[in-house]
Protein chains: 2
Amino acid sequence: MKKNKILPAEENSGPLMADVADLAGVAISTVSRALANPGRVNAKTRAKIAAAAEKLGYTPNAMARNLRIGKSNIIMIVLPGSLHHGASQIIPQVLQSINQALIQNGYNLMIANLDRDETSERHILNLAFGGTVRGAIILSSKLPEVAGRSLAEAGLPIVSLLLDMSDASVPSVVTNDRGAVAEAARMLIARGHERFFYIAGPSDNYHDIERFSGLVDAFHETGLDPASITRSGGVLSYQHGFEAGKHAVEDFTQLAVKPTAVIAESDDMAISFISGVQARGWRIPEDLSVISFDGSPVCEYCHPPLSTIEQPVEVMGKTAVEILMQRMSEGADEVPTRMIIPSRLIMRKSVGPAAKANNSC
Amino acid sequence: MKKNKILPAEENSGPLMADVADLAGVAISTVSRALANPGRVNAKTRAKIAAAAEKLGYTPNAMARNLRIGKSNIIMIVLPGSLHHGASQIIPQVLQSINQALIQNGYNLMIANLDRDETSERHILNLAFGGTVRGAIILSSKLPEVAGRSLAEAGLPIVSLLLDMSDASVPSVVTNDRGAVAEAARMLIARGHERFFYIAGPSDNYHDIERFSGLVDAFHETGLDPASITRSGGVLSYQHGFEAGKHAVEDFTQLAVKPTAVIAESDDMAISFISGVQARGWRIPEDLSVISFDGSPVCEYCHPPLSTIEQPVEVMGKTAVEILMQRMSEGADEVPTRMIIPSRLIMRKSVGPAAKANNSC
DNA sequence: TTGTATGCGTTATCAT
DNA sequence: ATGATAACGCATACAA
């Protein structure tokens with residue numbers, strides 16, 4: 001039984017269910033039930049089967065099972081290539097939390113990279129349409145789509161993480177980007193800051209829009225003129241947030257009237273920006289207060305320790321998985337289309353009162 | 001053809017090979033050939049088939065294919081839970097490079113977390129013995145093993161990355177840890193440093209042993225007494241390298257005679273260590289020179305910019321995949337058991353000449 | 001409660 | 001060069 005007559009041969013592929021059945025002296029279907037539906041088989045035979053399986057070191061073949069039941073147990077996470085660099089500080093945590101939650105539900109996590117080339121899009125679509133994956137969690141602002149085929153039509157549940165795609169009817173798990181920035185900005189304004197410098201990631205990206213809007217909101221609320229907000233960045237091609245921060249230093253240097261507060265879209269941007277302006281003689285927070293986004297662990301050890309808006313990635317990841325599970329089990333589409341997990345502002349020494357006149361240097 | 005009579009029904013699972021065959025007016029086996037082995041089918045029929053497939057938007061079912069050929073096209077990467085925190089700065093790059101290389105070879109990447117509990121070990125073993133994955137790249141110092149079943153016996157190719165497991169006959173891709181640290185140490189010694197402080201990760205880990213040995217080597221070569229090396233760390237339970245660095249600050253503070261040079265096993269450790277000692281009045285590099293390991297991008301923006309031994313993770317990742325591919329194709333086991341990819345010392349301002357007497361503070 | 005038989009979607013063997 | 005057919009390993013409808 002162990003070895004088949006006709007086909008591949010190749011490497012020994014381990015004991016089969018049939019082997020277990022033989023050894024236990026029962027039919028193969030009984031083994032199948034004993035494993036999947038223990039309640040519906042006699043305790044005695046169940047014991048025999050368990051013993052046989054144990055003795056043979058039997059492990060069910062997942063591919064065969066999945067093919068038979070017509071479902072895969074693999075979920076893919078779609079990471080834009082840029083994320084590996086951009087918000088890279090939090091990616092490991094995201095993967096970790098998602099994977100843990102998935103495994104608890106009997107699923108596995110596959111990584112899919114979405115770059116700007118058609119090849120990667122096609123690859124992802126094949127994963128979806130070819131039945132390799134059962135669902136997707138995406139960290140990209142657009143769904144892969146090529147030759148008229150879109151991930152949206154693949155018939156599998158999708159959840160967007162970090163970016164709100166509920167407009168495109170993709171359930172999304174996000175943080176309160178806009179409100180969190182507004183809150184941080186209000187706090188800065190309360191400390192006397194009136195001129196802001198905003199370091200943006202790729203323009204028109206959800207994060208850019210929401211977070212910048214939050215800043216503008218705070219200005220409106222407090223009666224300040226949003227005209228005194230200077231934007232920097234918005235370039236798509238940066239590999240790292242670090243580069244954006246570096247470039248922002250140039251922009252900042254050329255300003256006739258210097259802002260006293262900086263809000264950066266990611267910790268990386270803030271870190272390299274701070275490094276750059278400090279090298280040119282500005283002091284943080286005496287001359288310039290800085291707050292960024294992400295809550296990377298490294299912020300605590302920056303010079304000075306960096307205030308950051310912490311994204312609750314653990315919770316967000318688990319929530320994304322929960323929603324995915326709901327979409328997959330309950331046939332219904334009655335699941336939330338947008339979950340907002342509040343972020344937390346971690347105040348550190350990079351923030352101080354506004355300097356009176358700091359156009360030195 | 002599209003819908004079958006008896007079974008699941010469920011969601012529409014897309015066009016099948018049979019549908020393509022029908023539309024093209026050929027047998028199903030011909031379609032299979034046309035797709036897999038284009039050379040062995042008439043150009044005309046091939047065109048018909050291609051047209052039909054195109055029109056239907058046909059995507060081959062991967063699970064069925066893999067089951068049939070008895071091979072999965074999924075490779076798993078085994079990440080110790082600690083790595084998500086410890087050396088986390090480089091994990092995204094590792095994943096990125098490995099995934100790219102895999103996809104070029106027609107494989108996909110699955111993530112597997114190896115924690116310290118038996119559950120995660122069992123899970124990984126099931127992935128292996130259940131045929132879900134075809135091979136593994138591990139970043140863990142030990143192979144999952146439970147109830148006598150070990151990953152080593154799963155009959156699938158394994159490559160170790162970052163850690164040398166060639167002793168356990170697992171082909172390994174590593175960097176020249178020992179030599180790189182020795183070189184860095186020699187350079188420091190040439191600058192007058194004679195008392196070193198070494199911040200270690202988990203004790204007896206490969207990295208700890210190799211890198212510390214490198215430091216000792218340099219001392220021997222230059223006729224210095226290794227007794228003037230102080231070790232700190234070696235604690236297993238730290239979640240972040242940051243914590244190790246923090247703790248090292250305590251150790252450092254209590255030393256009667258202060259070292260003038262520090263070597264840390266990871267950038268994270270160095271970053272939090274520097275932050276801590278600076279807060280207590282020490283100056284880098286005037287009082288203390290620091291070099292660490294990993295080459296995290298953030299080092300460039302530290303205060304002062306941090307010298308680091310860059311691990312060539314991109315090359316290492318690609319190399320690991322290459323070795324895996326060799327193991328899988330050429331039946332032979334005649335593949336290298338250890339590949340050493342040299343690292344590069346990036347010198348930055350965290351290093352200076354030894355202070356004459358810096359036991360101030 | 002257990003056994004028999006069929007099919008999941010594909011590849012590969014054998015004829016034609 | 002193409003077509004009919006039997007597996008791959010498992011799960012389920014149905015009969016016993």
Side-chain angles (χ1 to χ4, degrees), chain A residues 1-22 24-49 53 56 58-73 129-132, chain B residues 1-22 24-49 53 56 58-73 129-132:
Chain A
M1 203 66 207
K2 190 76 164 291
K3 203 72 268 185
N4 330 71
K5 348 91 237 220
I6 312 188
L7 276 171
E10 188 89 8
E11 314 217 351
N12 202 326
S13 42
L16 270 34
M17 198 175 254
D19 298 314
V20 178
D22 280 3
V26 298
I28 182 171
S29 60
T30 308
V31 176
S32 177
R33 256 180 313 234
L35 267 46
N37 216 333
R40 280 175 34 183
V41 54
N42 186 304
K44 245 177 184 167
T45 50
R46 202 169 52 209
K48 275 193 305 185
I49 291 173
L56 292 174
Y58 170 72
T59 305
N61 182 300
M63 293 188 310
R65 166 166 218 283
N66 290 340
L67 171 61
R68 177 60 235 256
I69 65 178
K71 306 177 195 316
S72 153
N73 68 340
F129 285 91
T132 300
Chain B
M1 203 67 203
K2 191 78 163 289
K3 202 73 272 179
N4 332 72
K5 343 105 229 229
I6 313 188
L7 275 171
E10 187 87 9
E11 316 217 349
N12 200 327
S13 42
L16 270 34
M17 200 176 247
D19 298 312
V20 178
D22 279 2
V26 298
I28 182 172
S29 58
T30 307
V31 176
S32 178
R33 253 182 315 235
L35 268 46
N37 217 333
R40 281 175 36 182
V41 55
N42 187 305
K44 245 180 185 166
T45 49
R46 203 170 52 210
K48 277 194 303 186
I49 291 173
L56 292 174
Y58 170 72
T59 306
N61 182 300
M63 291 190 309
R65 166 166 219 282
N66 290 341
L67 172 60
R68 180 58 238 249
I69 66 178
K71 304 178 197 312
S72 152
N73 69 338
F129 285 92
T132 299

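Numbered from 1 within each chain, the chains take letters A, B, ... in sequence-line order.
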### Summary
Rounded to whole Å, CG of B:N66 lies from C1' of D:dC10 at a distance of 16 Å

### Options D:dT12, C:dT2, C:dT10, nucleotide nearest the side-chain atoms of A:R68
D:dT12

### Message
Measuring from atom CZ of B:R40 to atom CZ of B:R46, what distance do you get when rounded to the nearest 0.5 angstrom?
### Response
13.0 Å

### Task
First locate atom OG1 of B:T59, then atom CG of B:L16, and finally report the distance between them rounded to the nearest 0.5 Å.
11.0 Å

### Query
If only side-chain N and O atoms of B:R40 are considered, is one of them under 4.0 Å from the OP1 or OP2 phosphate oxygen of D:dA1?
no

### Task
Identify the heavy atoms of B:M63 and A:N66 that sit nearest to each other, and give their distance.
SD-CB, 3.3 Å

### Message
On the nucleotide D:dG9, are OP1 or OP2 found under 4.0 Å from the side-chain N or O atoms that A:Y58 carries?
### Response
no

### Query
So, is B:T30 close to the D:dA1 phosphate, meaning a side-chain N or O under 4.0 Å from OP1 or OP2?
no

### Query
On DNA chain D, nearest-nucleotide positions of B:A43 versus B:L67: which is more 5'?
B:A43

### Message
In this structure, how many angstroms lie between the P atom of C:dG9 and the CD1 atom of B:I69, rounded?
### Response
17 Å

## Note on the structure
When B:V41, B:D19, B:V26, B:T45 are each screened for side-chain contact (heavy atoms from CB on, under 4.5 Å) with B:V31, the one that passes is B:V26

### A:N37 CG - D:dT12 C1' separation (whole Å)
11 Å

### Task
Specify the separation, in whole Å, of atom NZ of A:K71 and atom C1' of D:dC10.
15 Å

### Query
Roughly, in whole Å, what's the span from CD1 in B:I49 to P in C:dT10?
13 Å

### Presence of donor-acceptor pair under 3.5 Å, side chain of B:S29 and base of D:dG3
yes

### Query
Applying the side-chain contact (heavy atoms from CB on, under 4.5 Å) test to A:M17, which of A:L35, A:N61, A:D22, A:T30 qualifies?
A:L35

### Task
Compare the minimum distances between each of C:dG3, D:dT2, D:dA11 and the side chain of A:V26, then state the nucleotide with the smallest one.
C:dG3

### Task
Specify the separation, in whole Å, of atom CG of B:N73 and atom P of C:dT10.
14 Å

### Task
Using whole Å, report how far CG of B:L16 lies from C1' of C:dC8.
9 Å

### Message
Please report the distance, rounded to the nearest Å, between CG in A:N61 and P in C:dC8.
### Response
18 Å

### Nearest-nucleotide comparison on DNA chain C, the residue closer to the 5′ end among B:A62 and B:R33
B:A62

